[in-house]
There are 2 protein chains.
Amino acid sequence: MSPGCVLSSGPSSLSFRSHTCGELRPEHVGEVVTVCGWVQYLRHDLFIILRDFSGLTQILIPQEESAGDLKAALCDLTAESVVKVTGTVRRRPAGQENKRMPTGEIEVHAESVEVFSVCRKLPFEIKDFVKKSESLRMQYRYLDLRSSQMQNNLRLRSQMVMKMREYLCNVHGFVDVETPTLFKRTPGGAKEFLVPSREPGRFYSLPQSPQQFKQLLMVAGIDRYFQVARCYRDEGSKPDRQPEFTQVDIEMSFVDQTGIMSLVEGLLQYSWPAEKGPIKVPFQTMTYEEAMRDYGVDKPDTRFSMKLIDLREVFLSTEIQFLRTALNQPGGSVQAICVPSGAVRKETFPRSLLGSVRLQCAELLGSHGFPFRDLSAFQFLWVVDFPLFLPKEDELEQLESAHHPFTAPVPEDTPLLYTDPHKVRGQHYDLVLNGCEIGGGSIRIHKASEQLYVLENILKEDPSLLSHLLEALDSGAPPHGGIALGLDRLISIMVGAASIRDVIAFPKSFRGHDLMSQAPDLVSDEELKSYHISVRWPTEQRGDEGK
Amino acid sequence: MSPGCVLSSGPSSLSFRSHTCGELRPEHVGEVVTVCGWVQYLRHDLFIILRDFSGLTQILIPQEESAGDLKAALCDLTAESVVKVTGTVRRRPAGQENKRMPTGEIEVHAESVEVFSVCRKLPFEIKDFVKKSESLRMQYRYLDLRSSQMQNNLRLRSQMVMKMREYLCNVHGFVDVETPTLFKRTPGGAKEFLVPSREPGRFYSLPQSPQQFKQLLMVAGIDRYFQVARCYRDEGSKPDRQPEFTQVDIEMSFVDQTGIMSLVEGLLQYSWPAEKGPIKVPFQTMTYEEAMRDYGVDKPDTRFSMKLIDLREVFLSTEIQFLRTALNQPGGSVQAICVPSGAVRKETFPRSLLGSVRLQCAELLGSHGFPFRDLSAFQFLWVVDFPLFLPKEDELEQLESAHHPFTAPVPEDTPLLYTDPHKVRGQHYDLVLNGCEIGGGSIRIHKASEQLYVLENILKEDPSLLSHLLEALDSGAPPHGGIALGLDRLISIMVGAASIRDVIAFPKSFRGHDLMSQAPDLVSDEELKSYHISVRWPTEQRGDEGK
């Protein structure tokens, strides 16, 4: 194994290869090249198709008797074996070019080979058109990732994040600060994983976001913070959620809502991959009220119209009994959506149901070949002016934060905090892409007294659990705000993936399992001792309850 | 609070301010500017010194009767209150310039002020020369981070990491891939934190490094991977260690040891901050044997000589009894270090003790004013050719991995694996900076049969725990290798910090506590139920034992 390092830049620098498989073109004809990769397949003992991350190249197996050893070595190779081949680039004989293959005009006449490893029989073939069950893909993720689709997804993700960093650090002077993931449990943080410490009864918790830290960094005068942050959420089994996920976490001082929104528009425009076409800024903005009225949902898919239409006026004097009943109920209305195939559907559900009906209609029409929703379009939308508080589901008298307790009220609504808190709108903004929420943020409360009032008098929470944050706000806090973008979701929409699992290298299954390594796993009682915990086995528990 | 956004780039883009405090110069004289920041101090009701991350600027308080309200508002400000001031930049009157202050030639004549927040009395002043106890600094970390030193440390860290990313992604085609932190327990992973899952008895574990994932990514054909990776190590209380830390994690396919070493040299040269002076590549290389022989340690501080000298030949026929005894013991030797002040010390300890003596001498001489060790120098050193296996401390017959079981042997030593494994050198390399290990890596075993032999026959470990990795190596694995750089340690040496805590925004204390939020914290029995665990209180345990 000779070094043969190429001291330069690019994907073949410092490597055994001189070129990647995918880059060879007629201009390389006559050159002696070295390529490394996986055997995609052998054809008639004449050709090997060799693959690396960049593409495929055809290797010609020499047929002369003098090259018998080389021929034997190449013809013995199983699919997915890994080799290094040195040879001369030749133009393919006339008529044998492959126009669908970027390297289809050339082939490499093999002169020597080094076999790095011989592949066993695999559970499935590495061909993009081979359908596999998802659990098989996850169990053999290292094979699944060899597909051109997964290679593209991970590479596009890496490139987009790199551009985001350039925009934030180099263009706008943000500081990339890492914040801890072993933290204190958030009050009511039922979805936080626990981490036992070596002190009896004491636990760290894996936070759902760096929210407190980013605000503390603003109090600390960091001015502009960002982090591509690992976050944790223990929701048990939920479709297309992951116990750990990534958010592009941003916070700025001396800024207002307009400033953050412009920053994010610039960020997406700057980092958007050229091959996906340009995106237009500023994005459309809609109030929460408009979104609910026209689309029945706070994250409308604006790639198609089919708005909800209020028919109350039309049916005020209707004779149709069920419509009369609906209209006479408090908050009752008759609404419709106009489906572009011509039929009009009238509905009397509460609006959010109609919102789902609207999306289902779109799906249905799409699947029947009515292409009125442009699936390749990227429709960004800001939703603003959310209510700051909502009635608790199980206790309607009591208010809870619509997003989180740190969101500042819209300035002109601030007096209402002390009189009619349910009427207060928050300086919160959600970013929606094609009907999916991909980000959310707010201007934060930066006055300790206001934060204390919200916690104590409106939310009826124990403020001592956030005493460090309240003390910080009382120590010279700048006005500040920020946003968090869900990176997994954003990339999955961008590449048109069916699930966020297709843009994560090693995702967990629906049930939170790593199917490759079998995590989570059993741990010996001995190992638990140093953390002062023991397992409550359900059978034991049932036994105890029976006593 | 009017937006007044400046749509441009730079640190004042999208912000309430037009300029940062630190950037004002005589060229701005006559301009109306808006600055935002913290009140550093008030002087004689005449001046306010305003601070932001970029520096200080002097605000002149108007003394005219017509500006009485403005004067009152400014004079009422407590230190560390946060304000926005608009005013005109003027040249300071002749003789009043402050040459030690970058903005010392100008001042801003205040015309309006907005007070964002008034600061309470703080537990300590934000002045760099104010000495505070470390626990106080940690409890009020958001104040401590306002010091110019901590601001510089965090900003330099952010910039250096950004440059590293540019080098890896943009220059050499690396892919930034995020790997999971909720993983399976490593065999014998006694230092791994556990995370209980919602399945009884089953735990995730927070890995000490993405080692397995990065190798799997190479098998997956990712070709070049890097990640600025959060890692976890539960070592209880150890000085200057953190339970979570960051490593720059790198892995490459089709590369040898020389290639990785060149890559890292280029990486550090590219990302090294200009103000620290250039660094020379290639770095010095030393074998493990040479390091132990000449310095008595595997991470020599090569900023000074004072090598260990073997005096066996000199003393072979000595009459001095204790030296004779030493020389007659197996492995016994007489060694010396030559201290530059002239005295020669003879020592008969095992070499590693003499290595510590060497460092202590250097400390002592340094503190007595012998400046023979250049404290501003950055001396990088590669240490190579480590033994692949070492005898276990408590069971000398049994070998364990000197680093980890995935390190490949030096090619010419491979046959010895099967005959004399204790003689095998590994393709491992440590990177040492000023006597501290800041990185380590290796070329990995990429043949399943070799990996299985090492696990089963040499290390006597159960290979089924790594069956996914063994299967992966059998599925077409490229030759590959990599390195991990300890980012916290590297930055702390670069900025001359006493502890890695000075380059981490929110570090844990020596005992693993977050002194600001009081983590780890008690968790209710109710909350533990969903994870099927309960606390074993030490008193209970003692009680049980007494039964």
Side-chain angles (χ1 to χ4, degrees), chain A residues 3 5 9 11 13-16 36 53 80 82 116-117 119-120 142 145-146 158 162 169 171-173 175-177 180 183-184 193 195 197 201-204 216 219-221 223 254 256 258-259 263 468 472 474 476-479 505-506 516-517 519-523 532-536 538, chain B residues 3 5 9 11 13-16 36 53 80 82 116-117 119-120 142 145-146 158 162 169 171-173 175-177 180 183-184 193 195 197 200-204 216 219-221 223 254 256 258-259 263 468 472 474 476-479 505-506 516-517 519-523 532-536:
Chain A
C5 286
S9 62
S13 57
L14 309 162
S15 167
F16 298 156
C36 295
F53 69 93
E80 296 304 312
V82 183
F116 291 129
S117 67
C119 181
R120 69 187 167 104
Y142 47 88
L145 293 179
R146 289 184 191 166
S158 168
M162 187 66 202
C169 278
V171 178
H172 288 290
V175 187
D176 180 3
V177 182
F183 192 46
K184 183 195 174 88
F193 286 102
V195 181
S197 77
R202 292 191 179 268
F203 295 79
Y204 299 104
L216 291 167
V219 177
D223 199 68
F254 308 115
D256 59 16
T258 321
L263 179 84
H468 53 284
D474 219 9
F506 298 100
M516 186 179 63
S517 74
D521 204 0
L522 297 171
V523 165
H532 311 280
I533 55 171
S534 55
V535 177
R536 303 190 200 207
Chain B
C5 286
S9 61
S13 57
L14 309 161
S15 167
F16 299 155
C36 295
F53 69 93
E80 297 302 313
V82 183
F116 292 128
S117 67
C119 182
R120 68 185 167 105
Y142 48 87
L145 292 180
R146 289 183 191 167
S158 169
M162 187 66 201
C169 278
V171 178
H172 288 290
V175 187
D176 180 2
V177 182
F183 191 46
K184 183 196 176 82
F193 286 102
V195 181
S197 78
R202 292 190 179 269
F203 294 80
Y204 299 104
L216 291 165
V219 177
D223 200 67
F254 308 114
D256 59 17
T258 320
L263 178 85
H468 52 284
D474 218 10
F506 297 101
M516 185 180 63
S517 74
D521 204 0
L522 297 171
V523 165
H532 311 280
I533 55 170
S534 55
V535 176
R536 302 188 200 208

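Each chain gets a letter, A, B and so on, in the order the sequences are listed, and its residues count up from 1.
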* To do: Side chain from CB out, backbone as N, CA, C, O: work out which of these in A/V219 comes under 4.5 Å of a heavy atom of chain B, or both, or neither.
  => both

* Contact class of B/S197 relative to chain A, heavy atoms under 4.5 angstrom -> side chain

* Any idea which heavy atoms bring A/F203 and B/I533 closest together, and the distance? -> CE2-CD1, 4.0 Å

* To do: Taking A/S158 for its side chain and B/V175 for its backbone only, find out whether a donor-acceptor pair lies under 3.5 Å.
  => no

* For A/P11, is it the side chain, the backbone, both or neither that has a heavy atom under 4.5 Å from a heavy atom of chain B? -> backbone

* Asked: Taking every heavy-atom pair that is under 4.5 Å apart, which of B/P180, B/P478, B/A519 has the most such pairs with chain A?
  -> B/P180

* **Taking every non-hydrogen atom, the tightest pair across A/E80 and A/R146** => OE1-NH1, 2.8 Å

* Asked: Looking at A/A477, A/S517, A/A505, A/S117, which has the largest count of heavy-atom pairs under 4.5 Å with chain B?
  -> A/S517

* Asked: Do side-chain atoms of B/R120 reach the backbone of A/G476 as a donor and acceptor pair under 3.5 angstrom?
  -> no

* Which of parallel (below 30°), tilted (30 to 60°) and perpendicular (above 60°) describes B/F183 and B/H468? -> perpendicular

* Contact summary for B/M516 and B/Y142, nearest pair of heavy atoms -> SD-CD2, 4.0 Å

* Could you verify whether a donor N or O on one side chain and an acceptor N or O on the other, from A/H172 and B/S13, lie under 3.5 Å apart? => yes

* Side chain / backbone / both / neither for B/C36 at chain A, heavy atoms under 4.5 Å -> both

* **Contacting moiety of B/V523, where chain A heavy atoms sit under 4.5 Å** => both

* Relative to chain B, which of A/A472, A/G221, A/A220, A/C119 shows the most heavy atom pairs under 4.5 Å? -> A/A220

* **Choice from B/D521, B/D176, B/V195 maximising heavy atom contacts with chain A below 4.5 Å** => B/D521

* Asked: Which one, B/P520, B/G173, B/P200, B/C169, leads in non-hydrogen pairs under 4.5 Å with chain A?
  -> B/P520

